[in-house]
Structure formats: C-alpha cells, structure tokens
Amino acid sequence: LMAHTKTDTEPISSPGPNMEPQEGSDCCSCPEKWVGYRCNCYFISSEVKTWNESRSFCVSQNSSLLQLQNRDELGFMQFSKRFYWIGLSYNEERGAWLWEDGSAPSWDLFLSLETPDPKKCIVYKPMNGVVDESCEKENYYICKKTVVDSM
Ligand SMILES: *[C@@H]1O[C@H](CO)[C@@H](O)[C@H](O)[C@H]1NC(C)=O
Ligand SMILES: *[C@@H]1O[C@H](CO)[C@@H](O)[C@H](O)[C@H]1NC(C)=O
C-alpha cells in the first residue's frame with residue numbers, strides 16, 4: 001500500500017529583478033511599487049545610486065534606507081543575488097557604525113563580516129552578508145518604512 005501524502009510547500013519565487021515577493025500581509029498597506037512584508041513596506045530599487053543618493057531617495061519617500069531588525073527579515077528576497085545599500089554609516093563623532101536613527105547595529109544580524117572600513121558604506125545581500133564599498137559606488141538599495149495606521 002502506498003501512503004499518499006501531499007506536502008504543502010511554499011511556492012518558490014524566482015530570483016532576479018522580476019521576482020514577485022509576497023505581498024499584502026493583512027496589516028500591510030503599501031504605496032504602489034512597494035512590497036509589503038510582515039507589516040513593513042520595502043522599496044527594492046531597480047536602479048543604482050550612490051549611498052547618499054539612495055538615502056536621499058528614501059527620505060524623499062518618507063522612509064529610510066533599510067534598517068534590519070532581524071536576520072531573516074528579508075526572507076522573501078533570499079534568492080536575490082544582488083547587494084543593496086542599507087542605512088548603516090560610520091559616525092565620526094561617535095566613532096561607531098550607526099543606523100539612520102542613531103542606534104547601533106547588532107553585527108550578528110549579518111552572517112559574514114570583516115571589520116568594515118569607516119570610510120566606506122555597507123551593502124547587504126539579503127539573508128547573506130555585508131560588504132563595505134566606496135560610498136560613491138552606485139548600487140541598488142532598499143528603503144523601508146514601518147506601516148502605521150493612519151487614524
Ligand atoms: C553625504 O552627503 C553629505 C552632504 O553632502 C556629506 O556631508 C556626507 O559626507 C556624504 N556621505 C557619504 C557617505 O558620502
Ligand atoms: C511625505 O509626507 C508628507 C507629509 O506628511 C506628505 O505631504 C508627502 O506627500 C509624503 N510623500 C510621500 C512620497 O509619501
């Protein structure tokens with residue numbers, strides 16, 4: 001006799017720029033072209049900019065360059081092969097790497113890390129690691145905003 005079992009597996013999204021990340025967790029209501037995932041909205045750029053330009057773009061969209069909360073936060077992008085600028089930069093005054101909101105990162109969020117060069121900026125490969133690169137280099141980037149219920 002054969003046991004007939006059906007295993008439900010999550011559909012595997014295809015890698016690359018045309019991937020369709022899962023959208024619309026019920027608490028997410030994101031602007032067009034943004035991806036809703038676990039109550040946050042993400043803008044995954046499809047064009048490259050310097051770190052500063054990327055940050056400015058995110059700010060112009062009332063968001064900020066990605067600040068990671070946990071290691072598997074971008075699980076929906078696990079097949080992405082790209083590196084993206086995130087919101088980490090070296091603060092000379094405080095002599096430390098800080099997120100855009102001034103808080104310090106927990107480096108164990110990143111699977112790989114060599115001591116980053118303070119003169120550089122950080123690119124992140126989702127579910128993978130980080131690398132430091134010249135801030136003037138053009139890279140893809142990710143903006144994030146947390147969804148707050150209006151009213
Ligand atoms: C970004 O631009 C500001 C203002 O032009 C400059 O002071 C800062 O050094 C730049 N940061 C990076 C990482 O390039
Ligand atoms: C950003 O917020 C301001 C003030 O609430 C609003 O007027 C503007 O439309 C917002 N811009 C975007 C791109 O959401």
Side-chain angles (χ1 to χ4, degrees), residues 10-113 116-151:
E10 300 247 322
I12 296 166
S13 52
S14 57
N18 294 324
M19 73 186 163
E20 291 287 341
Q22 49 194 107
E23 287 184 66
S25 309
D26 41 13
C27 57
C28 292
S29 160
C30 296
E32 209 180 322
K33 295 187 181 162
W34 288 60
V35 179
Y37 187 68
R38 295 183 183 163
C39 298
N40 291 303
C41 297
Y42 300 90
F43 180 84
I44 318 295
S45 84
S46 53
E47 54 175 7
V48 295
K49 295 183 188 296
T50 66
W51 187 84
N52 246 345
E53 288 166 353
S54 301
R55 180 175 60 172
S56 299
F57 176 84
C58 294
V59 169
S60 78
Q61 302 301 305
N62 295 336
S63 66
S64 53
L65 270 178
L66 179 66
Q67 174 169 343
L68 279 176
Q69 305 298 346
N70 55 66
R71 195 181 278 181
D72 62 357
E73 177 168 344
L74 295 184
F76 67 91
M77 292 184 72
Q78 64 179 305
F79 299 108
S80 173
K81 292 188 166 51
R82 288 178 174 165
F83 281 86
Y84 298 87
W85 288 130
I86 61 173
L88 266 179
S89 59
Y90 191 78
N91 184 300
E92 298 281 351
E93 234 165 79
R94 291 172 57 186
W97 287 90
L98 300 175
W99 293 117
E100 292 290 279
D101 70 358
S103 64
S106 156
W107 290 104
D108 59 10
L109 282 175
F110 310 108
L111 298 181
S112 69
L113 184 77
D117 179 345
K119 290 195 183 61
K120 296 184 173 176
C121 291
I122 302 288
V123 281
Y124 173 64
K125 185 176 171 191
M127 307 290 284
N128 244 281
V130 292
V131 177
D132 57 359
E133 282 193 348
S134 162
C135 304
E136 303 307 317
K137 199 178 165 214
E138 297 195 320
N139 275 304
Y140 297 97
Y141 56 94
I142 299 174
C143 309
K144 173 182 175 180
K145 58 177 143 191
T146 301
V147 182
V148 282
D149 286 331
S150 49
M151 290 187 282

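In listed order, ligands and their atoms are each counted from 1. Treat the numbers as computed from the prediction; the structure is a model and nothing was measured.
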- [ ] Could you pull out all residues at least two apart from Glu92 that satisfy salt bridge (charged side-chain N to carboxylate O under 4.0 Å, His left out)?
- [x]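 Not a single residue meets the salt bridge (charged side-chain N to carboxylate O under 4.0 Å, His left out) criterion with Glu92.
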TODO: Can you sort out the partners of Lys120 under salt bridge (charged side-chain N to carboxylate O under 4.0 Å, His left out), two or more places apart, ordered by chain and number?
DONE: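 By the salt bridge (charged side-chain N to carboxylate O under 4.0 Å, His left out) rule, Lys120 matches no residue at all.
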Task: Over all atoms of both residues, closest heavy-atom pair of Glu47 and Tyr141 - done: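 Smallest interatomic distance, heavy atoms only, reads O-CE2, 3.5 Å.
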Within the protein, flag every N or O under 3.5 Å from an N or O of ligand 2, and note the pair and distance.
from: ligand 2; atom 1: 2 (O); to: Asn62; atom 2: OD1; distance (Å): 3.3
from: ligand 2; atom 1: 2 (O); to: Asn62; atom 2: ND2; distance (Å): 2.3
from: ligand 2; atom 1: 11 (N); to: Asn62; atom 2: ND2; distance (Å): 2.9
from: ligand 2; atom 1: 14 (O); to: Asn62; atom 2: ND2; distance (Å): 3.2

Task: Working for side-chain hydrogen bond (donor to acceptor under 3.5 Å, both in side chains), residues Ser103 and Asp101 - done: CA-CA 6 Å; Ser103 64; Asp101 70 358; 2.6 Å; yes
- [ ] Using the disulfide (SG to SG under 2.5 Å) rule, collect all pairs that involve residues 42-89, keeping only residues at least two apart or in two chains.
- [x]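 Only Cys58-Cys143 qualify under disulfide (SG to SG under 2.5 Å).
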Open item on the list: For Gly87, is there any backbone N or O sitting under 3.5 Å from a side-chain donor or acceptor partner on Arg55?
Closed with: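 Absent.
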